[in-house]
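Reading through the structure tokens given below for one structure.
Everything numeric in this text was worked out from a predicted model, so none of it was measured. Throughout, a chain's letter reflects where its sequence line sits, starting with A, and its residues are numbered from 1.
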2 protein chains.
Amino acid sequence: MTIDELIAAASDRLTPVERRIAEAILADPTLLAFGTVSDLAQKVGSSRPSIVRFGVKLGFQGYADMREHARRSVSAKLSRPSQRIRQQDSSLGRATAALTEAIRGLLDKIGSEQLSTLGAPMVSANHVWILSGETSRAGAHAMFSGLTMVRPNVHLITEHSSGRDLSGAAPGDAAIVFDFARYRRHTVTAARSAVDLGVHLVAITDGPLSPYAAMTETWCALDIPAIGPFDSSVPSVAIAEMLVAYVARQLQDEARSRIDRTEALWQATEIYWE
Amino acid sequence: MTIDELIAAASDRLTPVERRIAEAILADPTLLAFGTVSDLAQKVGSSRPSIVRFGVKLGFQGYADMREHARRSVSAKLSRPSQRIRQQDSSLGRATAALTEAIRGLLDKIGSEQLSTLGAPMVSANHVWILSGETSRAGAHAMFSGLTMVRPNVHLITEHSSGRDLSGAAPGDAAIVFDFARYRRHTVTAARSAVDLGVHLVAITDGPLSPYAAMTETWCALDIPAIGPFDSSVPSVAIAEMLVAYVARQLQDEARSRIDRTEALWQATEIYWE
DNA sequence: AGGCGAATGTAACGGATTGGACATTCTCGA
DNA sequence: TCGAGAATGTCCAATCCGTTACATTCGCCT
């Protein structure tokens, strides 16, 4: 059992000071492995016996016992790199490798200037309409959830009501579509309609042969790795978050005050635990 | 200069006992970082002053000084990956570096065996209930969208109707929750209710101090990087997809036939473009 | 063989560390 | 407002650590 797990098991029985101790240990595991009781006490602004009692509460015989445990786990981590190689061909290893490669590809394929090109319409638009196919809905959702936090008039178009929802679109608006092969008929036609209405379309798709590439100049291609039997939506989510970050940076104070208002509202309605 | 290099530089001036000390340190670097003078003396079969003199010969002021040096190099090895993030300075670069690191962290923190532990309940459960907070909804959505493709009776619980929706839950079911600090009150209580109903809870959260860690043994902690002003949901989505892949692999033919049926249905309804 | 210097171990001391007994403060409820 | 019990801090004793001074042993050269 690791220290983390022991802390987790006791987390609901911890006193305030003990909770601070736990946080310090979790934030920097070397504190426990290297530090003395006095070091920890000073770090958390508490007294030495509190540290010792914390160790006892976790099931150790004393601080020395707990430190010994922490040292063993650090030793294990230090010797693990050789084991990591072995995991490389496990399915988990392959999945993370594919995802890492996909994320790295984002940086290669999409420079900072292209990020601005893609993001600009969402800064200046009156309304932003978000479209997506089934498999890429996670990206659209991330986009929607983030964008509503930093600017008004953001609409997520569900497939069932695309015709009705888009009827309010007009020139000066922007639409962003997430869709990859095989493209959804509904999504393609919705995007087409948006363009016909004079909306500036931004497309996150998978290549020049995508139907969306023909509709707009502002599009980008992502490499979509497969995780198990399905395509990953990680690249979609990643670029959605980067675009949101870009829009937030451009809108500056406007975005910040909007975030603050939402935060205040959430606090007031006690939406958070603790 | 590392300890190894210092030893190499002084190797031709070492006495027999000092040579044995050097060998012991090179064989197990943690001896220096963790051990006391007495520990080393006993390990080498020598006396304490010999250890101290060895440190002085290497250029340190004493044993304490040498040990401090060893500890710093151990800390550096443990924390080097996270420091790499900060070296990038374009916002796009920082974002991709943070995401890459987060993905790599998945492999570190979650071994193949833990993936099985987390995924097993979703293979055998009668019903699977998916819960999530606001920021982590993308992960929940990826989970839902993937899981419905490979097995029946998957339910996504929206915040507004959690009480009503969960009423059908029963022992033999599994629930998976995606939620991170600050935790959503609704989600915490919903998870609690599920546990009380005898449902096996799987929690994707952010650390041992999470309220979910106290509710179940099957949980994992993710490192959540920030992209712009918001927390990223990329790690959630990634682990959701890995879990879906795991479930699909376990269910084998059952999953495949289900995917095929869905595909056929989609083809028949001409849901795809082209 | 004897003596000299390096190498190593023994002993002692000041300081730091841990763990526990005791006192104080805080918190919650009657 | 008061009191009981938990939480936390202060203080102390026993131990252990690192360091240094001193004694002993070992090896080599004359």
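Applying the salt bridge (Lys or Arg N to Asp or Glu O under 4.0 Å) test to pairs two or more places apart or on separate chains, those with a residue in residues 190-215 of chain B are B:Arg192-B:Asp196. The list of salt bridge (Lys or Arg N to Asp or Glu O under 4.0 Å) pairs with a residue in residues 47-56 of chain A, not counting sequence neighbours, is empty.
Using a cut-off of 4.0 Å between Lys/Arg side-chain N and Asp/Glu carboxylate O, B:Glu101 and B:Arg104 are scored as salt-bridged.
B:His141 and A:His141 have tilted rings, their planes meeting at an angle from 30° to 60° on a 0 to 90° scale. Ring pair B:Phe34/A:Phe34 is tilted by interplanar angle, where 30° to 60° counts as tilted.
Side-chain contact annotation: B:Asp39 with B:Thr36, donor-acceptor N/O pair under 3.5 Å present.
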Atom pairs, protein N/O to nucleotides 23-28 of chain D N/O, distance under 3.5 Å:
none

All N/O pairs under 3.5 Å across the protein-nucleotides 3-6 of chain C interface:
none

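With rounding to the nearest 0.5 Å, the separation of CZ in B:Phe180 from CG in B:Asp223 is 10.5 Å. In this structure, CE on A:Met242 lies 5.0 Å from CG on B:Leu99, to the nearest 0.5 angstrom.
One can find a donor-acceptor pair under 3.5 Å joining the base of D:dG9 and the side-chain atoms of A:Arg53.
Using a 4.0 Å heavy-atom distance criterion, B:Arg67 is classed as a sugar-phosphate-only contact.
For A:Lys43, the NZ atom sits in a loose shell: 12 or fewer heavy atoms of surrounding residues, nucleotides or ligands are nearer than 6.0 Å. The environment of B:Glu5 atom CD is dense: over 12 non-hydrogen atoms of other residues, nucleotides or ligands sit within 6.0 angstrom. Heavy atoms from other residues, nucleotides or ligands lying under 6.0 Å from CD of B:Gln114 number more than 12.
Between the P atom of C:dG19 and the CZ atom of A:Phe54 lies a distance of 14 Å, rounded to the nearest Å. One atom, NZ of A:Lys57, and another, C1' of D:dT8, lie 12 Å apart when rounded to the nearest Å.
Within residues 34-52 of chain A, the residues approached by DNA chain D to less than 4.0 Å at the level of any non-hydrogen atom are A:Ser46, A:Ser47, A:Pro49, A:Ser50, in residue-number order. Within residues 59-66 of chain B, no residue approaches DNA chain C, by heavy-atom distance under 4.0 Å.
Counting only heavy atoms from C-beta outward, the side chains of B:Pro229 and A:Arg256 never approach each other to under 4.5 Å. Considering only heavy atoms from C-beta on, B:Leu243 comes within 4.5 Å of B:Ile204 through its side chain.
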